[in-house]
Engineer: 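Supplied in structure tokens, the structure appears directly below.
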2 protein chains.
Amino acid sequence: MAKKRYTIKDVARMAGVSVSTVSLVINKKGPVSEETRRKVLHAVHKLDYHPRRVAQGLASQKTGNIGFILTDDHFSLVEPFYTKIFLGTEVEARKYGYYIILTTVPNQFSKEHIPRFLLERNVDGVIMAGRVPEKLIAYIRDMGLPVTLVDYYNRRQKTAAILIDNIEGAYQAVTHLIELGHKKIGFVGGDLSHPSISDRLTGFKKAMEEHGLPIVPEWVITTERNTSVPSGYQAMNTLLKSGELPTAIFACNDAMAIGCLRRLKESGIRVPDQIALIGFDDIDAALQMEPRLSTIHVYKERMGALAMQQMASMLENGEQSTEKVLVPVELVIRESTARKAD
Amino acid sequence: MAKKRYTIKDVARMAGVSVSTVSLVINKKGPVSEETRRKVLHAVHKLDYHPRRVAQGLASQKTGNIGFILTDDHFSLVEPFYTKIFLGTEVEARKYGYYIILTTVPNQFSKEHIPRFLLERNVDGVIMAGRVPEKLIAYIRDMGLPVTLVDYYNRRQKTAAILIDNIEGAYQAVTHLIELGHKKIGFVGGDLSHPSISDRLTGFKKAMEEHGLPIVPEWVITTERNTSVPSGYQAMNTLLKSGELPTAIFACNDAMAIGCLRRLKESGIRVPDQIALIGFDDIDAALQMEPRLSTIHVYKERMGALAMQQMASMLENGEQSTEKVLVPVELVIRESTARKAD
DNA sequence: AAATAGGATCGAAACGTTTCGATCAAAGTT
DNA sequence: AACTTTGATCGAAACGTTTCGATCCTATTT
């Protein structure tokens, strides 16, 4: 039943040329006469020949695979944020003829967690999304493999990266609130050591300052350890206990915004009537909320695709790029933000 | 900077044995004296040697890769149902030393969409999740590759499969409604040609009959083309127009249940007070609803893992299994179902 | 003591490509 | 007319393993 698969030899025989000539034609290298090219391609077609990846790999010392690394918590998250980035990469990879091998590593990374595809030299390059262990980045760079980071950037490692325009996004979100007439605006964030979060805070401050609005320290919550729904809930809790409330809140991501929303509902505070709320990321859940969440849309699939493009060009040039691509975002106005009631 | 990677030759030299002996030790084949085994393993360790996958692949005619195929719409769906199955497979694959290569194919499948990893013979077996083109299954079987289906099963193709216990799940859901005192129960489904959906209808009928309750044709909606949120919305619409309403509804999946809920809210009908509602699948969104959706939990990651196990054993025995594994489900009672008000 | 069996080890072929250097013919240069 | 360049093609080595059959040694059987 299993059909016989032809090899390059069969093609060569059929076309009446040598094996190496067939290889040249297939890989579009070296000069080949129009005549032989035709003959070869005809034979290829006739036999439905496809070179075996594994053989190409051994001979050319390229596997044709790209590793895609996420940390455990990023992938197991309810929100398919990084999953979408992955998908974008996967689809783009196909265009280039690469395979993507996905793996996750624990946040508490140590030597024995080194992905097998690195040990076995089974990838030509690595794309990593989200905050990823420092050591791992260094290890891969050390192997001489090109690296692209997505949605993360570390000042010390000189790698290529695809980044959300966090400052601009936050700026837009806060400006939106200001244009709705809000003057008392709070920031809900966490873990400022993460570059994305601190950038979003920067954007917040920039918008406030440019419009001559005061930044009230009690309304800037940055004590939460992470940026999950429960953290948002907690942060809102803190805010509620601190006397006067702001009239609008910019949460550093949708997950935290959802946490805030939940806490506000429990206190019977109406969104957006009493407090306007805007998030960041535009995860799927933002659309499920009541009210539906205004947010900053992030083009996740696009980011994944861009990472693959960057990787492909590094693979072509054979050198590690340090280019940082800033991907624009888009303000999405839904129901959780409204003109300030007076 | 790029560290030199050692090959099996280096290990052989260091251990003072032949290359073939090293191979025997590493792969735990053939008889090797304890003495040499020690020497070899010591050298392996010392040099941090790992065989290159690509070389093993060529020599052994096994790639070490498993293909994972989804249809486009399954992967781009908002609900990460199949994504979770994929994740389960991926984690399990690591234990066995396999890599997973993910790809999607269009629903309208034709010859030119054959995944590249098949043409290039870059996988040892294929796992497919969800409803998948008939032709593709046949093609792969034809290549002599083992196949496992997840959450889909076609009577004509004799393949292994990991299946949700749909009949039992539906039976439990409906029985739950009956135990709450409901007698007028509706079914919201679509596309009965899909085995999962028709099985869920079977479970519905079984529960109704066993409890001596009538199945009212007007309350059994099976006219929708698919099982999405909008279809659920539409189905509810139909139900609303048909005179008397049931007091409880079993939707064949959570997506449709969400659609129903949305429509009910628009009409100001309270769930669960006026109508109890239960879904199936336990997707993430079920937890986000207000009220939170009662449903039948499906162990998605587990199903993915089981598929990998099945694949591994087929790869070991070198033969296509036709075993069907029925994975149990679990009733999850949340807020959308309540005792019938009288 | 010779014959046999079995365990341990090894050399070499094979897997299916790419790629490098060699060869040869035709065209261009002096 | 001799020499050089260029284009087309090819043969063979190389990639790093696995695996098969051969060989050698030791222990067992007769």
Side-chain angles (χ1 to χ4, degrees), chain A residues 4-41 43-44 47-65 97 116-117 119-124 315 318, chain B residues 4-41 43-44 47-65 97 116-117 119-124 315 318:
Chain A
K4 154 117 177 97
R5 280 282 154 164
Y6 297 101
T7 73
I8 199 172
K9 275 187 192 168
D10 300 311
V11 176
R13 195 176 310 122
M14 182 167 182
V17 299
S18 76
V19 161
S20 32
T21 301
V22 175
S23 177
L24 292 180
V25 170
I26 289 175
N27 298 299
K28 300 191 177 66
K29 293 192 179 170
V32 180
S33 73
E34 197 45 48
E35 166 74 0
T36 39
R37 152 175 280 98
R38 263 203 328 88
K39 281 192 300 185
V40 169
L41 289 180
V44 165
L47 299 179
D48 192 26
Y49 167 75
H50 297 267
R52 302 206 190 176
R53 197 75 216 212
V54 84
Q56 289 184 306
L58 186 56
S60 66
Q61 300 287 72
K62 319 237 142 131
T63 64
N65 301 326
R116 202 161 41 88
F117 58 56
L119 298 175
E120 293 179 339
R121 300 244 128 180
N122 202 14
V123 295
D124 299 335
L315 254 19
Chain B
K4 153 119 176 96
R5 280 280 155 167
Y6 298 102
T7 74
I8 200 171
K9 276 189 191 168
D10 300 311
V11 177
R13 196 177 309 123
M14 183 168 182
V17 298
S18 76
V19 161
S20 33
T21 302
V22 175
S23 176
L24 291 179
V25 171
I26 289 174
N27 297 300
K28 299 191 178 66
K29 293 192 180 171
V32 180
S33 73
E34 198 44 49
E35 167 74 1
T36 38
R37 152 175 279 98
R38 263 202 329 87
K39 281 191 302 186
V40 169
L41 290 180
V44 165
L47 299 179
D48 192 26
Y49 167 74
H50 296 267
R52 301 205 191 178
R53 198 74 213 216
V54 83
Q56 291 185 304
L58 186 55
S60 67
Q61 299 286 71
K62 321 235 142 132
T63 64
N65 301 327
R116 202 162 40 89
F117 58 57
L119 299 174
E120 294 179 339
R121 300 244 126 180
N122 202 14
V123 294
D124 299 336
L315 255 18

Engineer: Between B/M14 and B/L47, is a side-chain contact (heavy atoms from CB on, under 4.5 Å) present by the stated rule, with each step listed?
Structural biologist: CA-CA 9 Å; B/M14 183 168 182; B/L47 299 179; 3.7 Å; yes
Engineer: Please, which pairs that meet salt bridge (charged side-chain N to carboxylate O under 4.0 Å, His left out) have at least one residue in residues 53-65 of chain A, sequence neighbours excluded?
Structural biologist: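 Output for this query lists A/R53-B/E120.
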Engineer: Quick one: A/I26 CD1 to C/dT19 C1', roughly how many Å, whole number?
Structural biologist: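 Answer to the nearest Å: 14 Å.
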Engineer: Could you state the atom-to-atom distance from CG of A/N27 to C1' of C/dC20 in whole Å?
Structural biologist: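 From A/N27 CG to C/dC20 C1': 15 Å.
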Engineer: Are A/Y6 and C/dT17 close enough that a side-chain N or O sits under 4.0 Å from OP1 or OP2?
Structural biologist: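 Checking C/dT17 against A/Y6, no side-chain N or O comes under 4.0 Å of OP1 or OP2.
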Engineer: If only side-chain N and O atoms count, and only distance matters, is there a donor-acceptor pair under 3.5 Å linking B/T63 with B/N122?
Structural biologist: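 Side-chain D/A pair, B/N122 to B/T63: absent.
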Engineer: A/R5 CZ to C/dT17 P: how many Å, rounded?
Structural biologist: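 From A/R5 CZ to C/dT17 P: 11 Å.
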Engineer: Show me the pairs that pass salt bridge (charged side-chain N to carboxylate O under 4.0 Å, His left out) and involve residues 12-24 of chain A, at least two apart or across chains.
Structural biologist: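 Matches after skipping sequence neighbours: A/D10-A/R13.
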Engineer: Which range-with-range stems can be found for DNA chain C when each stem has 3 or more Watson-Crick or G-U pairs in a row and both distances sit under 3.5 Å?
Structural biologist: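 Output for stems: C:1-30 with D:1-30.
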Engineer: Do A/F117 and A/N65 come close enough that some side-chain heavy atom pair is under 4.5 Å?
Structural biologist: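 No, too far: nothing below the 4.5 Å cut-off.
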Engineer: Is A/S23 close enough to C/dT17 that one of its side-chain N or O atoms is under 4.0 Å from OP1 or OP2 there?
Structural biologist: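 Result: no.
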Engineer: Roughly how far apart are A/I8 CD1 and A/I26 CD1, rounded to 0.5 Å?
Structural biologist: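 Separation between the atoms: 5.0 Å.
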Engineer: Starting from C1' on D/dA8, measure out to NZ on A/K39 and report it in whole angstrom.
Structural biologist: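 After rounding, the reported distance stands at 11 Å.
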Engineer: Just jot down the side chain to side chain contact (heavy atoms under 4.5 Å, CB included) partners of B/V32, sequence neighbours excluded, or say none.
Structural biologist: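 Partners of B/V32 under the side chain to side chain contact (heavy atoms under 4.5 Å, CB included) test: B/L24, B/V25, B/T36, B/R37.
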Engineer: CG of A/D10 versus C1' of C/dG16: gap in Å, rounded?
Structural biologist: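 Spelled out: CG on A/D10 to C1' on C/dG16 is 11 Å.
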Engineer: Please enumerate all protein N or O atoms sitting under 3.5 Å from an N or O of nucleotides 7-15 of chain C, with distances to 0.1 Å.
Structural biologist:
residue: C/dT9; atom: OP1; partner: B/S33; partner atom: OG; Å: 3.2
residue: C/dT9; atom: OP1; partner: B/T36; partner atom: OG1; Å: 3.4
residue: C/dT9; atom: OP2; partner: B/S33; partner atom: N; Å: 3.0
residue: C/dT9; atom: OP2; partner: B/S33; partner atom: OG; Å: 3.3
residue: C/dT9; atom: OP2; partner: B/T36; partner atom: OG1; Å: 2.7
residue: C/dC10; atom: OP2; partner: B/S18; partner atom: N; Å: 2.9
residue: C/dC10; atom: OP2; partner: B/S18; partner atom: OG; Å: 3.3
residue: C/dC10; atom: OP2; partner: B/T21; partner atom: OG1; Å: 2.7
residue: C/dG11; atom: N7; partner: B/S20; partner atom: OG; Å: 3.2
residue: C/dG11; atom: O6; partner: B/S20; partner atom: OG; Å: 3.2
residue: C/dC15; atom: O3'; partner: B/Q61; partner atom: NE2; Å: 3.4
residue: C/dC15; atom: O2; partner: B/L58; partner atom: O; Å: 3.4
residue: C/dC15; atom: O2; partner: B/A59; partner atom: N; Å: 3.3

Engineer: Taking atom types as modelled, find out whether A/S20 and A/S23 have a side-chain donor-acceptor pair closer than 3.5 angstrom.
Structural biologist: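 Judged by distance alone, the side chains do not pair up.
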Engineer: Can you tell me the distance, in whole Å, between the CZ atom of B/R53 and the P atom of C/dT17?
Structural biologist: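 Value for this atom pair: 19 Å.
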Engineer: Does B/E34 have any salt bridge (charged side-chain N to carboxylate O under 4.0 Å, His left out) partners at least two apart in sequence or in another chain, and if so, which?
Structural biologist: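 So B/E34 forms no salt bridge (charged side-chain N to carboxylate O under 4.0 Å, His left out) with any residue.
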Engineer: Measure CG/A/N122 against C1'/D/dG16 and give the value in whole Å, please.
Structural biologist: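 My rounded result for the distance is 13 Å.
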Engineer: For A/R13 and D/dT9, what is the distance between atoms CZ and P respectively, to the nearest whole Å?
Structural biologist: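 Interatomic distance, CZ of A/R13 to P of D/dT9: 19 Å.
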